[in-house]
There are 2 protein chains.
Amino acid sequence: MAYGTALTVLADPTRRQVFERLRDGPRPVNAIAAGLPVSRPAVSQHLKVLKDAGLVEEHSEGARRIYALRREGLAELREWLDGFWDDALLAFKIEAERSHRQMKGKTDE
Amino acid sequence: MAYGTALTVLADPTRRQVFERLRDGPRPVNAIAAGLPVSRPAVSQHLKVLKDAGLVEEHSEGARRIYALRREGLAELREWLDGFWDDALLAFKIEAERSHRQMKGKTDE
DNA sequence: CCGTTCCGTAAGCCATGACTTACCGTAAGT
DNA sequence: ACTTACGGTAAGTCATGGCTTACGGAACGG
């Protein structure tokens, strides 16, 4: 149940910011922490949690640690979410809605 | 940023159990709480949180409150997740895999 | 009515975890 | 070697929130 891990880990707003900052590409801790409302060690701790959860990966480049996104870490969470639309037809409808945001169907709401 | 709300709310394991129990259809609080490792009031509290987050909806039937899943509450979270695959081609592949998996009804793990 | 079932709310306890500061090792520049 | 950037780890503080028990009100059956 790694989707549970992903949910737990991404629940924290600060940690989510850290994670989202990696969207645009790998970065050293420095660059990630810059501008964030918390101290640099706090960011380090968040990165550790993210890494343990398989959501980021890290490699050293000299003195710096470069962190990068691991999209596969989100896979199980995605599948779990998809599981809520288990009917194929309904799933299709959802997909369509997502694609072009226009549904005049009979759905409530 | 309602996806943040959804993440926060679904991060708790017990609350997630409550939520998942509604997958098979609407249920009164009674039925939801049965078998869970926490007290009935705890379940009520979780349901309130879920409702405030737009993840479930509630209507009264006599003395009982019936709770039901609101899949739309997951929409933003889904979109946020999808946003991590911003390359159109890659996104398409993911969609295809998702559809495929659902058609087959095959569960992996 | 009276008891029972249903469930939401209040109050309080307690563990979890997100921060801080302080410190340490390592890498590179001079 | 000395120094300066980089960043992980330790220890301790404090707020958050998930749980419990206790209670109260609403609906239904007898």
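Residue numbers start from 1 in every chain, and the chains themselves are labelled A, B, ... in the order their sequence lines are given, proteins ahead of strands. Small disclaimer: the values here were computed from a predicted structure and weren't measured.
- One atom, NE2 of His59(A), and another, P of dG8(D), lie 13 Å apart when rounded to the nearest Å.
- Rounded to whole Å, atom C1' of dT26(C) lies 14 Å from atom CZ of Arg64(A).
- In terms of phosphate contacts, Tyr67(A) brings no side-chain nitrogen or oxygen within less than 4.0 Å of OP1 or OP2 of dC6(D).
- Within the nucleic acid shown, Thr14(A) comes within 4.0 Å of sugar-phosphate atoms alone, with no base atom in reach, counting heavy atoms only.
- Partner of Arg21(B) under the side-chain contact (heavy atoms from CB on, under 4.5 Å) criterion, out of Leu69(B), Leu36(B), Val43(B): Leu36(B) alone.
- Distance Ile66(A) CD1 to dA27(C) P: 15 Å, rounded to the nearest Å.
- Rounding to whole angstrom units, CG of residue Asn30(B) and P of dA26(D) are separated by 20 Å.
- Within the cation-pi definition used here (under 6.0 Å to the ring centroid, within 45° of the axis), Arg27(A) does not qualify as a partner of Tyr67(A).
- Between Leu36(A) atom CG and dA18(C) atom C1' there is a gap of 14 Å when expressed in whole angstrom units.
- Side-chain N or O atoms of Arg16(A) include one that pairs as donor or acceptor with a backbone N or O of Leu10(A) at under 3.5 Å.
- Atoms CG (Asp12(B)) and P (dA15(C)) sit 17 Å apart, rounded to a whole Å.
- Salt bridge Lys48(A)/Asp52(A): present, at least one basic N to carboxylate O contact under 4.0 Å.
- Less than 4.0 Å separates DNA chain D from at least one heavy atom of each of the following residues of residues 37-50 of chain B: Val38(B), Ser39(B), Pro41(B), Ala42(B), Gln45(B), His46(B).
- Ranked by how close their nearest DNA chain C nucleotide is to the 5' end, Ala63(A) and Thr8(A) are led by Thr8(A).
- Put simply, CZ on Arg65(B) is 18 Å from P on dT5(C), counting in whole angstrom units.
- Rounded to an integer number of Å, the gap from CD of Glu61(A) to P of dA5(D) is 20 Å.
- Put simply, Leu55(B) and Tyr3(B) are part of the same group of oily side chains (I, L, V, M, F, W, Y) that touch within less than 4.5 Å, one to the next.
- Taking a 6.0 Å sphere around CZ of Arg64(A), one finds it holds 12 or fewer heavy atoms contributed by other residues, nucleotides or ligands.
- Here CG of Leu50(B) is found 9.5 Å from CG of Asp12(B). Values are rounded to the nearest 0.5 Å.
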